[in-house]
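Below you'll find the structure, written out as C-alpha cells, and then a few comments.
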Amino acid sequence: MTPHESLRAALVQAAARIGASAADVALERPRDAAHGDVATNLALLLAKQLGQKPRAVAERLVAALELPAGLIRKTDIAGPGFINFFLADAQVVGALPAILAAGPDYGRSDAGHGAPVNVEFVSANPTGPLHVGHGRQAALGDAIAALLEWTGWRVSREFYYNDAGGQIMNLALSVQARVRQARGLPAEIPEQGYQGDYIRELAERYVAEHPRDLEGADVEAVRRFAVRELRAEQDRDLQAFGVTFDVYYLESSLYTDGKVDETMRRLVAAGHVYERDGALWLKTTDFGDDKDRVMKKSAEKGSDYTYFVPDVAYHVTKWERGFRHAINVQGADHHGTVARVRIGLQALEMGIPPEYPEYVLHQMVTVMRGGEAAKLSKRAGSYVTVGELVEEVGRDAVRYFYLMRRGETHFVFDVDLAKSQTDENPVFYVQMAHARMTGIFRVAGRDPASVRADGIDLTVLTQPEEAELIKELADFPAMIAGAAAAREPHRITGYLEGLARLAHAWYHKYRVLGEPEEAARLVLARAVRQVLANGLTLLGIRAPDRM
RNA sequence: GCGCCAGUAGCUCAGCUGGAUAGAGCGUCGGCCUCCGGAGCCGAAGGUCCCGCGUUCGAAUCGCGGCUGGCGCACCA
C-alpha cells in the first residue's frame, strides 16, 4: 500500500465514524511545502452534508483518524478547513527503492487493462509533402499513443490515406499539366490544382520512368505514380521523425471492398435518406446538425460520393475491427467533420455510442522565419516540410517543441529559435540534467544499473532539496496517468522541466562522490536519471549520456 | 449570422478538471566558476488572470452576456 492509499482508507473510515459518507477522497500535493506533503479538502466537502462548519468537521475528522504507525509525522488543519499531512521521513525516501526496482517501467500502470484502442493521426492526403501542421499532429498523436501504452492500453497507430476522390484527381491533372508543358504542349494546371515545385519534379520523374507516355496521356498512370511517390516521401519524413504506424488504411480500399456501398445501403435502410435536386441527402438535422448533408452527388456533378460516406464507412470499420475506443487526432480546421462523422454513425443505428470516435483537435501552426510568419499554402507550394524541419533543427528538439504546448493553443514555431540550438531550448535543459546524472556514475566508474537501494540507509537524505526531489519523482506515475486520461502530453514536458530544475539545483549544491551520503545519493541520482529517461523516452526523445 | 478554440508578467506559455499568497522560461537588473560538465546555480523587479454579472465556504478554472484574435460553416476533402 502506498502512503496515499493508506491515507485515503483511513480518511474514509474516519468519515464514517463521524457519521458522514465519503466515497471519493481527493488527495493533492499542496503547492506550498508549508502545507505539508499531502492535503485533503474532505472536511470542506463534508461540511454541507453534516451541516457543520468546515473547520469543526476537520477537527472531528482528525480526532477520529486512525493512522498506521510511521506514516505521518504531523497533521495540521489550515485555512478554511484543509487537513494537511506531513509524511514521516522514512516514507519519503521509501519511494526510491520502488523506482529502481521498476526501472524503465516506472510510471507504467494498467488503467486500460489491455483493451484495444485505435489512435488515428497525421492522415495527410497524398497530395504533397508533410508540412509543419502534420508535424504537430505526428508528435501529438505519437505521444498520446505512447501515453496510452504506458497506462495499459493495447494501441494501434493508424494512418488513413485519402487516396480517392476529387483532390487526388486534382493532383493527377496538375502533374499531367506539367508533363505536357515540359513537352511544349498547351496545358494549364486546374484552377484548384497544385502549384508547388514538387509537382514539376514529379512530372519529370514520371516522364523518365514512363518512356511510352511522354505526354502524360494516361492520367490513371499519372495518378498512381504521383500517389505512390508522395506516399513514399511522407513515409521518409515520418521515419526521420521516428513515427511509425501499425496500420495504413486506404480510402480507395473502402470502395474496392464494397464498404462504401454497404454503408450507403445501411443508411438507406435506417431511413434517414432522401433525394433532392438529383442528389442523395442524409437527414443529419434529425441528429442535431444545422443542415442536411449530401451523401451522393447529382448526375450533373458526377454522381460520386462526397467525403461523408467513405468517412462514415471508415469509422464503421474501426468499430467492426473491435476498437471500442478510437481517438482521432486532427487539426482544428477539421472540427466541422466531428459532428458529421458521429451523426453518420448514429444514423446507422448499429449501437455505436454517440461520442464515438473521440477527437483530439489541435490548433494551427504558424511558422516564423526571419521574424515574420511564412505563408503556408499547399496549393501555392510554399511551406516548410517536416523533413526540412527535422534536418535543420534535429528530431529531439522538433518533437519537444511540438509537445511543450497544449494542443488547443495556436502554436508559433520559430524556426530560427529552434535552429539556434542554444540555451533557450528547453529540451537541452532536460537532456543536460540526464547527462549530468549519468556523469556522476561515469566519474565514479560505475554502471548506474549496478546501484541498488537494498541495504543502503536512505534516511541520510535529509536535505530539503532531496526531500523535494524524491517527492517529485514519486509524483511521476500519477502525472503520467493524468496526462494519459486528459490526452495532454504537454504535462510531461512541464513535469520534466520541473524535475530537471530540481535536479540541477541539487547537483549544484551537494556533491555525491566522496561524501558520507555517497551511497544514498547514488541511489537518488540513479532514480532521477531513470525518471528523466522514462519521460523523454515516452515522448520519443533521446536521453543522452553526454551532450 | 451560427459553431469550435484561445485571451494569465515586456515576450512565449503553465496552472494537475473549483482550493490556500496565480507560477516557469526568455528578456531586464544583481550575485556565484580550484568542484561529479557554468548548455548550470542563487536572488530581485515585473499581474485589472480581456470586461461585466452570477453560482458558493472558496472562481484564472463553472454558468450567462459582451469584446478581441484564430479556424470552420460546399453536390472540396
Side-chain angles (χ1 to χ4, degrees), chain A residues 26 28-32 34-35 39 41 44-45 47-48 53-55 78-82 84 125 127 162 164-168 170 192 251 276-281 290-291 293-308 310-311 331-339 361-364 366 404-412 414 417 421-426 428-429 431-433 435-444 475 478-479 482-483 485-486 488 490-491 493-495 497-498 501 504-515 518 521-522 525 546-547:
Chain A
E28 59 174 25
R29 174 144 164 235
R31 265 184 215 296
D32 188 343
H35 294 139
N41 62 354
L44 295 163
L45 299 178
K48 183 172 277 181
K53 287 184 177 172
R55 283 199 74 110
F82 292 101
N84 296 332
N125 292 356
T127 53
N162 293 105
Q167 293 302 331
I168 296 299
N170 243 336
Q192 294 293 310
E251 181 189 7
R276 192 180 75 203
D277 304 332
L280 277 182
W281 297 70
D290 51 356
K291 54 186 148 187
R293 303 292 161 177
V294 172
M295 299 195 299
K296 193 169 185 177
K297 300 178 194 174
S298 57
E300 62 207 59
K301 299 274 187 179
S303 297
D304 293 324
Y305 292 109
T306 65
Y307 75 97
F308 177 79
D311 258 14
D333 54 340
H334 287 84
H335 85 262
T337 68
V338 173
L361 299 179
H362 65 83
Q363 294 294 315
M364 301 292 95
T366 304
M404 59 194 267
R405 304 269 152 80
R406 272 159 62 231
E408 293 84 6
T409 59
H410 187 99
F411 177 50
V412 179
D414 188 330
L417 177 71
Q421 301 209 4
T422 64
D423 50 355
E424 288 157 348
N425 199 328
F428 293 129
Y429 184 82
Q431 289 181 319
M432 182 64 192
R436 274 188 148 166
M437 293 301 117
T438 309
I440 297 171
F441 296 94
R442 187 165 51 241
V443 170
D475 275 349
M479 184 279 299
E488 290 185 349
H490 78 276
R491 292 192 194 183
T493 59
Y495 171 89
E497 282 166 51
R501 192 171 307 116
H504 281 303
W506 173 71
Y507 176 92
H508 186 263
K509 189 162 177 182
Y510 305 103
R511 283 186 61 82
V512 173
L513 303 179
E515 300 295 310
E518 175 176 314
R521 284 186 177 158
L522 280 172
R546 49 199 332 161
M547 299 295 285

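Chain naming here is simple, since letters A, B, ... match the order of the sequence lines and numbering starts at 1 in each.
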Any base atoms under 4.0 Å from [X], or only sugar-phosphate, or nothing? Heavy atoms, all strands.
X: Gly439(A); answer: sugar-phosphate
X: Ala279(A); answer: base
X: His35(A); answer: base
X: Ala78(A); answer: base
X: Arg405(A); answer: sugar-phosphate
X: Pro80(A); answer: base
X: His410(A); answer: sugar-phosphate
X: Asp304(A); answer: nothing
X: Arg501(A); answer: sugar-phosphate
X: Lys291(A); answer: sugar-phosphate
X: Ala483(A); answer: nothing
X: Ala39(A); answer: base
X: Tyr429(A); answer: sugar-phosphate
X: Asp333(A); answer: sugar-phosphate

Strictly below 4.0 Å, N to O, side chains only: are [X] and [Y] in salt-bridge contact?
X: Asp304(A); Y: Lys296(A); result: no
X: Asp32(A); Y: Arg29(A); result: no
X: Arg491(A); Y: Glu488(A); result: yes

Options [options], nucleotide nearest the side-chain atoms of [X]:
X: Met547(A); options: C75(B), G37(B), A77(B); result: G37(B)
X: Ala505(A); options: G19(B), C42(B), C71(B); result: C42(B)
X: Phe82(A); options: G19(B), A77(B), C5(B); result: G19(B)
X: Thr306(A); options: C16(B), C75(B), A20(B); result: C75(B)

When rounded to the nearest Å, what value does the distance between P atoms of A60(B) and C53(B) take? 14 Å

I'd like the P distance from G23(B) over to U48(B), given in whole Å. 16 Å

What is the base-pairing partner of [N], counting Watson-Crick and G-U wobble geometry with both distances under 3.5 Å?
N: A20(B); answer: none
N: C62(B); answer: G54(B)
N: G3(B); answer: C71(B)
N: C41(B); answer: G31(B)

Suppose we call a contact any N or O donor and acceptor under 3.5 Å apart; does that hold for the side chain of [X] and the base of [N]?
X: Ser298(A); N: C75(B); value: yes
X: Asn170(A); N: A77(B); value: no
X: His508(A); N: G40(B); value: yes

Has the side chain of Trp281(A) got a donor or acceptor atom that lies under 3.5 Å from a matching backbone atom of Met295(A)?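 Not confirmed, Trp281(A) side chain does not pair with Met295(A) backbone.
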
Which residues share a salt bridge (charged side-chain N to carboxylate O under 4.0 Å, His left out) with Asp277(A), sequence neighbours left out: none

The answer to which of Phe441(A) and Thr409(A) contacts RNA chain B further toward the 5' end, by nearest nucleotide, is Thr409(A)

Where each residue is assigned the nucleotide of RNA chain B containing its nearest heavy atom, which of His490(A) and Gly165(A) is assigned the position nearer the 5′ end? His490(A)

Under a 90° cut-off about 0 for the syn range, is C13(B) syn or anti?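 For C13(B), whose glycosidic angle is more than 90° from 0, the conformation is anti.
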
Aromatic centroids of His362(A) and Phe411(A) separated by under 6.0 Å: no

